[in-house]
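Structure, as structure tokens:
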Amino acid sequence: MILVATATDEYAIPYGKALRSVGVPEEGFRYVTPDIDPEEARSLATQASGLVLCGGVDVVPERYGETVLNDTVETLPERDVMEWALVEGAREAKVPVWGICRGIQVLNVFLGGSLWQDIPTQKPSDVPHSITQPKDRIAHTVNVVRPEMPLGEILTREIPRVNSRHHQAIKRLADGLIPVAESPDGLIEAVVLDRPDWWVRAVQWHPENLVAMDLHRALWTDFVRATR
């Protein structure tokens with residue numbers, strides 16, 4: 001069973017559609033929301049075949065040693081509690097983890113890294129990082145910096161063109177994470193974990209909205225293969 005960690009079932013619908021598009025049946029995945037008991041979440045993750053960390057609100061800054069920067073930072077502490085428990089269980093059982101948008105940020109903080117809390121004020125640039133509608137609108141390309149990595153191999157099949165709707169990003173990269181791709185202004189857009197015994201990969205964009213494109217569907221196929 002693949003677990004899909006999200007704020008609400010309704011929010012997670014595009015992730016379910018993406019999984020179905022690469023052959024996962026409806027009964028093959030389950031949405032997990034913050035009303036779950038953390039110990040139950042950890043236990044579920046140890047028994048899962050895979051874990052998807054979806055997009056959503058910001059990680060509580062105190063988790064990486066900072067206070068809230070400004071009123072753009074919106075958090076849901078109970079979601080952090082749930083996802084930390086899920087990732088702890090996944091790490092314990094070496095369950096594959098696929099992080100998307102907030103998911104790449106959760107993984108980075110979980111492993112000891114930090115975040116830019118508000119890109120427009122802390123790392124301003126001309127690259128659009130927050131185009132909210134339509135959700136499949138291409139915002140920019142990404143530059144593959146480690147094409148020899150498994151995730152890099154997929155992303156170099158063509159010039160990666162991505163959507164983008166985030167105002168936070170990786171600041172200090174966690175030990176063990178390898179940056180695979182960057183936005184044109186240098187923000188980390190894709191990472192893999194440097195551990196042969198635990199499959200962990202994540203991207204800053206939203207490939208669940210781009211499965212009509214071969215490149216992005218291949219990212220989902222890659223994850224599903226790992227779960228089997």
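We count residues from 1, following the sequence as given. The analysis underlying the following values was restricted to heavy atoms, covering all of them including side chains, and did not include hydrogens, waters or symmetry mates.
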For the side chain to side chain contact (heavy atoms under 4.5 Å, CB included) test, which of I170, V200, L151 pairs with V191? I170
Please tell me if the side chains of [X] and [Y] come closer than 4.5 Å, counting only heavy atoms from C-beta onward.
{"X": "T141", "Y": "V162", "value": "no"}
{"X": "V52", "Y": "L3", "value": "no"}
{"X": "T6", "Y": "T33", "value": "yes"}
{"X": "H167", "Y": "H129", "value": "no"}
{"X": "R30", "Y": "V4", "value": "no"}
{"X": "V73", "Y": "P61", "value": "yes"}
{"X": "L177", "Y": "D194", "value": "no"}
{"X": "M149", "Y": "V180", "value": "yes"}

Tell me whether the count of non-hydrogen atoms from other residues, nucleotides or ligands lying under 6.0 Å of [atom1] in [X] goes above 12.
{"X": "E158", "atom1": "CD", "result": "yes"}
{"X": "R137", "atom1": "CZ", "result": "no"}
{"X": "I159", "atom1": "CD1", "result": "no"}

[X] side, atom [atom1]; [Y] side, atom [atom2] - distance, nearest 0.5 Å:
{"X": "E208", "Y": "L219", "atom1": "CD", "atom2": "CG", "value": "11.0 Å"}
{"X": "S49", "Y": "I2", "atom1": "OG", "atom2": "CD1", "value": "4.5 Å"}
{"X": "I178", "Y": "L173", "atom1": "CD1", "atom2": "CG", "value": "9.0 Å"}
{"X": "T72", "Y": "L69", "atom1": "OG1", "atom2": "CG", "value": "6.5 Å"}
{"X": "L215", "Y": "R157", "atom1": "CG", "atom2": "CZ", "value": "7.5 Å"}
{"X": "D37", "Y": "L44", "atom1": "CG", "atom2": "CG", "value": "10.0 Å"}

Should [X] and [Y] be regarded as members of a common hydrophobic cluster, given that ILVMFWY residues are connected when their side-chain heavy atoms come within less than 4.5 Å of each other, either directly or indirectly?
{"X": "F29", "Y": "V22", "answer": "yes"}
{"X": "V192", "Y": "V87", "answer": "no"}
{"X": "L210", "Y": "I13", "answer": "no"}
{"X": "M1", "Y": "W220", "answer": "no"}
{"X": "L86", "Y": "L76", "answer": "no"}

Non-hydrogen atoms of [X] and [Y] that approach each other most closely:
{"X": "V95", "Y": "A45", "value": "CG2-O, 3.2 Å"}
{"X": "Y64", "Y": "G113", "value": "CB-O, 3.5 Å"}
{"X": "A7", "Y": "P34", "value": "O-CD, 3.3 Å"}
{"X": "V59", "Y": "W84", "value": "CG1-CH2, 4.0 Å"}
{"X": "V127", "Y": "P184", "value": "CG2-CB, 4.0 Å"}
{"X": "A190", "Y": "L155", "value": "CB-CD1, 4.2 Å"}

Going by side-chain hydrogen bond (donor to acceptor under 3.5 Å, both in side chains), name the residues that satisfy it together with D214, two or more places apart in sequence or in a different chain. R217
Please identify each residue that fulfils side-chain hydrogen bond (donor to acceptor under 3.5 Å, both in side chains) with S183, with sequence neighbours left out. D185
side-chain hydrogen bond (donor to acceptor under 3.5 Å, both in side chains) partner of W205, the single match among E189, H166, H216: H216
Between K94 and W198, is NZ or CZ placed under 6.0 angstrom from the six-membered ring centre and within 45° of the ring axis? no
If we count only N and O atoms by modelled type, under 3.5 Å, do the side chains of [X] and [Y] hold a donor and an acceptor together?
{"X": "S43", "Y": "E39", "value": "no"}
{"X": "D118", "Y": "N70", "value": "yes"}
{"X": "Q117", "Y": "E66", "value": "yes"}

Salt-bridge test for E40 and R42: reply yes if a basic N is under 4.0 Å from a carboxylate O, no otherwise. no
Please lay out, stage by stage, how I119 and L187 fare under the test side chain to side chain contact (heavy atoms under 4.5 Å, CB included). CA-CA 10 Å; I119 294 169; L187 293 178; 3.6 Å; yes
[Y] backbone acceptor or donor facing [X] side chain under 3.5 Å:
{"X": "N163", "Y": "H206", "value": "yes"}
{"X": "T156", "Y": "G152", "value": "yes"}
{"X": "T8", "Y": "Y11", "value": "yes"}
{"X": "T75", "Y": "P77", "value": "no"}

For residues 96-110, which side-chain N or O atoms pair as donor and acceptor with protein atoms under 3.5 Å away, sequence neighbours left out?
residue : atom : partner : partner atom : Å
R102    : NE   : E83     : OE1          : 3.0
R102    : NH1  : V57     : O            : 2.8
R102    : NH1  : D58     : O            : 3.4
R102    : NH1  : D80     : OD1          : 3.4
R102    : NH2  : D80     : OD1          : 2.7
R102    : NH2  : E83     : OE1          : 2.9
Q105    : NE2  : Q168    : O            : 3.0
Q105    : NE2  : Q204    : OE1          : 3.3
N108    : OD1  : A174    : N            : 2.8
N108    : ND2  : S114    : O            : 3.0
N108    : ND2  : R172    : O            : 3.2

Could you work out, with salt bridge (charged side-chain N to carboxylate O under 4.0 Å, His left out) as the rule, every residue matching E78, not counting sequence neighbours? none
Listed by chain and number, what are the salt bridge (charged side-chain N to carboxylate O under 4.0 Å, His left out) partners of E26, not counting sequence neighbours? R20
Candidate pair I131 and S164, rule side chain to side chain contact (heavy atoms under 4.5 Å, CB included), full reasoning: CA-CA 6 Å; I131 299 177; S164 187; 5.9 Å; no
Residue list, ring pair (Phe, Tyr, Trp, His ring centres under 6.0 Å) with W199, at least two apart or on another chain: F223
